[in-house]
Amino acid sequence: MEEQVLSEGADHEDDESSTCGSTVGNEDDIDFSSAFTTDMVFNSREELVEWIRDTGKRNGLVIVIKKSDVGGDGRRPRITFACERSGAYRRKYTEGQTPKRPKTTGTKKCGCPFLLKGHKLDTDDDWILKVVCGVHNHPVTQHVEGHSYAGRLTEQEANILVDLSRSNISPKEILQTLKQRDMHNVSTIKAIYNARHKYRVGEQVGQLHMHQLLDKLRKHGYIEWHRYNEETDCFKDLFWAHPFAVGLLRAFPSVVMIDCTYKTSMYPFSFLEIVGATSTELTFSIAFAYLESERDDNYIWTLERLRSMMEDDALPRVIVTDKDLALMNSIRAVFPRATNLLCRWHISKNISVNCKKLFETKERWEAFICSWNVLVLSVTEQEYMQHLGAMESDFSRYPQAIDYVKQTWLANYKEKFVAAWTDLAMHFGNVTMNRGETTHTKLKRLLAVPQGNFETSWAKVHSLLEQQHYEIKASFERSSTIVQHNFKVPIFEELRGFVSLNAMNIILGESERADSVGLNASACGCVFRRTHGLPCAHEIAEYKHERRSIPLLAVDRHWKKLDFVPVTQDTALELSFRAEIEMFVKRFEETDGPGKRQLLKKLKELTNSASTFNSASTSLVELEVDGFPLSKLGTSTYQDPSELQYVLSVQDSDSAPLRTSSATSMQLKGRQKEKVFRTKSHQPLCFIDSFPAGLRPYIHDVQDVIADGHCGFRVVAELMDIGEDNWAQVRRDLVDELQSHYDDYIQLYGDAEIARELLHSLSYSESNPGIEHRMIMPDTGHLIASRYNIVLMHLSQQQCFTFLPLRSVPLPRTSRKIVTIGFVNECQFVKVFMHPGAPMPPISPKWLEHRYPCAQGWETPYTAHIRVFRDLVTDH
């Protein structure tokens, strides 16, 4: 039979790439000898295997390796290939024996005789292929989907699956991603589940679930405490916190929210989450705990672990919980000075469960819960009593509901959730643990499947924490760098860039209310002053009346925190002025008449707040930077001008020169003549001092370009090897990049106005550009990296970022072009040349948020470089 098939296959003259075979003998027998007959010499074993499988797939066949021989003892290496349906089914039990667990099974084996042999030649790693039998005794496959072997994942696909699984991507989405990357992928959802299971089993081999969790915590540097039951020697409680979260806790210790989540794993442990809130109103997970039970002992042990991570002078002011009496008792024991508030959302949910069934119609229930919400939001005790009386009167037909809310909640706990009492505490707006899309809400959704174990729950939590930290860093950066147009009025002058945008929006609302409230404190109510530590309407009205900007001291330090530096209590920052006062008195007594008048004038300026404001305002006049009035700079979102000027008032000859910037300029008329000084050009030798000290040893050279307002674009032209005189071409390239992907960049910048202003800035090709046409960083960095498909580093004392292409597939590392642009002396862009292997700034958060899926992987080679950069910059 074999010889007959070989001879027939040898006489066949069809092209080897044919996608169909010829019928032989039985009508089900099809000869594919011509498709696999080739004179090719394959350069490697892998090339041979790949060619055979691709040829089989084109012909509706699944070819597998039947046997492989590595050679030895005079034998050359060889491989035998067969059809996946070759051979016969082998029973796992003897004839007549009944298996312990009968299953409905079947087999696809039909004894297919198809056989190929590959032989390795003596030369290098060359291989040839021989057709032993080209006949298949079964119909060809119409669809290879569903064939287990054809649906196997390649090594690269398996690695992608592992990475996506670690990020909590669902199997369905993983399969979709693999098919998008390879249109010929025929894997099924079952293959994805099998591969995920194989990976997890491989990681967990030889370990108990709790040991797996502890191993993960140690591996990723978590802070962890655990304890055992002394009588049973069994695990009792576990407390763990991400190191990054510890830094956030010390920076934002004022408000803490604590809640338990149930049925998060197959084990009978409560899962306790401790949450904090940042100045940008993002919640972050501080710590987690698995508790054996919810008793005082378990809670006290957990809260003591929490307290040990905090400074003694920076403990929580407010702790929000549900009505868990054991937890409330434990808070009083561990944090006696903290105000314990009850979550309003949990209370409303509890009332709904117990009272909704008492109302005959949906309309009556909605009216009742609306009346309840009005009662909870009562701003004074008198108003509370009025609203309570109205509720009792309106719903007298429902005494059970009224008694329930009064006895269960109002009688003993109204001070913990009714606004008339909670508004006396500084809670920064955190009166519930279930704000829309908060960390706690996301976590509950992630852990909603109770079949998981400790390790799988940790993987979901860890992924959430990593995402959370990126979002918080990005929010800090937005508050530090973005100036909203409605904050450019003088009243916000001292707050811009130093207070979170969230607080600024609250202040803006109070500023609008100030026009109707005026200076009447009783009409104002001062709620935001008490609850948020922000200036309220009547305070702002007073600042407006005195023509003063809102001072930074009027804002609670919580809103001014845009970093991770631990806070300390104000008492630790107390300053003494006695020595300075004594020096002033001594100098005043020793000075003659005119000198005393001058000293008194200075003292009046310092002590008269209105005078101080007016003095600062009138010293800022309509200046020009290269012909562009600085009065317009106060309404611009641009930063890092190429050249600066500063002004010295003739009126006050004793005053030091006042250096102006785009954030502090105003236009006043009727001002006396003033002297204007242009900053002197800096020598290249001092450029290096404009970069973080830790980076300076890694800088090989810094080179200047012509400082004509186009210097940023000249630097890019030089780095792209087209010469700095072609700066106009760079501008045209960036305009084209922005216009071609305009909608994408609007999403990236978060505001269409920013994109329009950036387009206006770039659209200029004349000499001596005004300040509005100069390079803007970091916004332009994304355009440069994406247009030229390069890795761009931007260095300055104010900010350092790495920009990557947003839409292109990552190039091989050896093919990438890495360039560095520096901003020095607060006025000029320069070329920077780094030593090979130098540290790299963090990737721009906007790239991480808005890159295309195909761009994933650009950042991978630079993880270690970024880690070194963080260490160097932090240390210095």
Side-chain angles (χ1 to χ4, degrees), residues 470-471 473-483 636-640 710-717 719-720 727 729-764 772-796 798-811 816-823 829 831-832 840-862 866 869:
Y470 286 130
E471 292 174 354
K473 291 176 183 178
S475 71
F476 288 166
E477 191 62 26
R478 286 193 293 271
S479 290
S480 299
T481 58
I482 294 178
V483 179
S636 171
T637 60
Y638 296 92
Q639 57 185 355
D640 290 355
H710 296 294
C711 61
F713 305 98
R714 289 179 176 274
V715 169
V716 175
L719 294 173
M720 298 314 299
W727 53 265
Q729 180 61 47
V730 173
R731 282 183 176 270
R732 288 192 292 271
D733 290 346
L734 300 184
V735 167
D736 181 66
E737 168 67 22
L738 180 55
Q739 289 179 332
S740 300
H741 307 279
Y742 196 70
D743 291 338
D744 291 342
Y745 283 109
I746 289 177
Q747 290 187 0
L748 185 142
Y749 299 133
D751 191 343
E753 182 63 22
I754 296 177
R756 285 194 292 270
E757 290 183 0
L758 184 58
L759 183 61
H760 172 72
S761 168
L762 295 170
S763 303
Y764 190 87
E772 78 276 21
H773 290 298
R774 301 187 179 178
M775 180 173 283
I776 309 166
M777 294 298 279
D779 293 346
T780 311
H782 297 286
L783 300 176
I784 297 171
S786 298
R787 174 67 182 187
Y788 299 111
N789 206 34
I790 61 173
V791 177
L792 172 67
M793 292 191 290
H794 171 62
L795 304 178
S796 71
Q798 292 77 26
Q799 58 183 358
C800 297
F801 283 121
T802 297
F803 301 93
L804 302 172
L806 288 163
R807 300 176 303 278
S808 64
V809 175
L811 296 174
R816 299 184 184 185
K817 185 179 181 69
I818 303 178
V819 300
T820 305
I821 182 171
F823 186 72
F829 289 101
K831 296 179 291 181
V832 182
M840 297 179 67
I843 308 297
S844 168
K846 291 184 180 297
W847 184 89
L848 296 170
E849 292 178 30
H850 299 283
R851 61 161 176 76
Y852 279 34
C854 64
Q856 181 178 0
W858 270 104
E859 76 283 12
T860 304
Y862 309 126
I866 294 172
F869 176 93

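What you see is a predicted model, and the numbers here were worked out from it, not measured in a lab. All values below come from the heavy atoms of this structure, side chains included, with hydrogens, waters and symmetry mates left out.
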Any side-chain heavy-atom pair from Tyr742 and Arg756 closer than 4.5 angstrom? yes

Are Val730 and Tyr788 close enough that some pair of their side-chain heavy atoms sits under 4.5 Å apart? yes

Looking at Tyr470, I want to see if its OH is surrounded by more than 12 non-hydrogen atoms of other residues, nucleotides or ligands under 6.0 Å. no

Name the orientation class of the two ring planes belonging to Tyr745 and Tyr749 (parallel below 30°, tilted from 30 to 60°, perpendicular beyond 60°). parallel

Check whether any side-chain heavy atom of Ile818 lies under 4.5 Å from a side-chain heavy atom of Met793, and answer yes or no. yes

Under the criterion side chain to side chain contact (heavy atoms under 4.5 Å, CB included), I'd like the reasoning laid out for Glu471 against Glu849: C-alpha separation, chi angles, the key distance, then a yes or no. CA-CA 9 Å; Glu471 292 174 354; Glu849 292 178 30; 5.9 Å; no

Calculate, to the nearest 0.5 Å, the distance between atoms CG and CD1 belonging to Leu748 and Ile754 respectively. 10.0 Å

Evaluate the ring pair (Phe, Tyr, Trp, His ring centres under 6.0 Å) criterion for residues His850 and His782: first the C-alpha distance (whole Å), next the side-chain angles of each, then the deciding distance (0.1 Å), finally the verdict. CA-CA 11 Å; His850 299 283; His782 297 286; 8.7 Å; no

By the salt bridge (charged side-chain N to carboxylate O under 4.0 Å, His left out) test, which pairs, at least two apart or in different chains, include something from residues 851-860? none

Exercise: do Asp743 and Gln747 side chains pair donor with acceptor under 3.5 Å: no

I'd like to know whether the aromatic ring centres of His794 and Phe801 sit less than 6.0 Å apart in this structure. no

Residues at least two apart in sequence or cross-chain that pass ring pair (Phe, Tyr, Trp, His ring centres under 6.0 Å) with Trp727, listed by chain then number, are His710

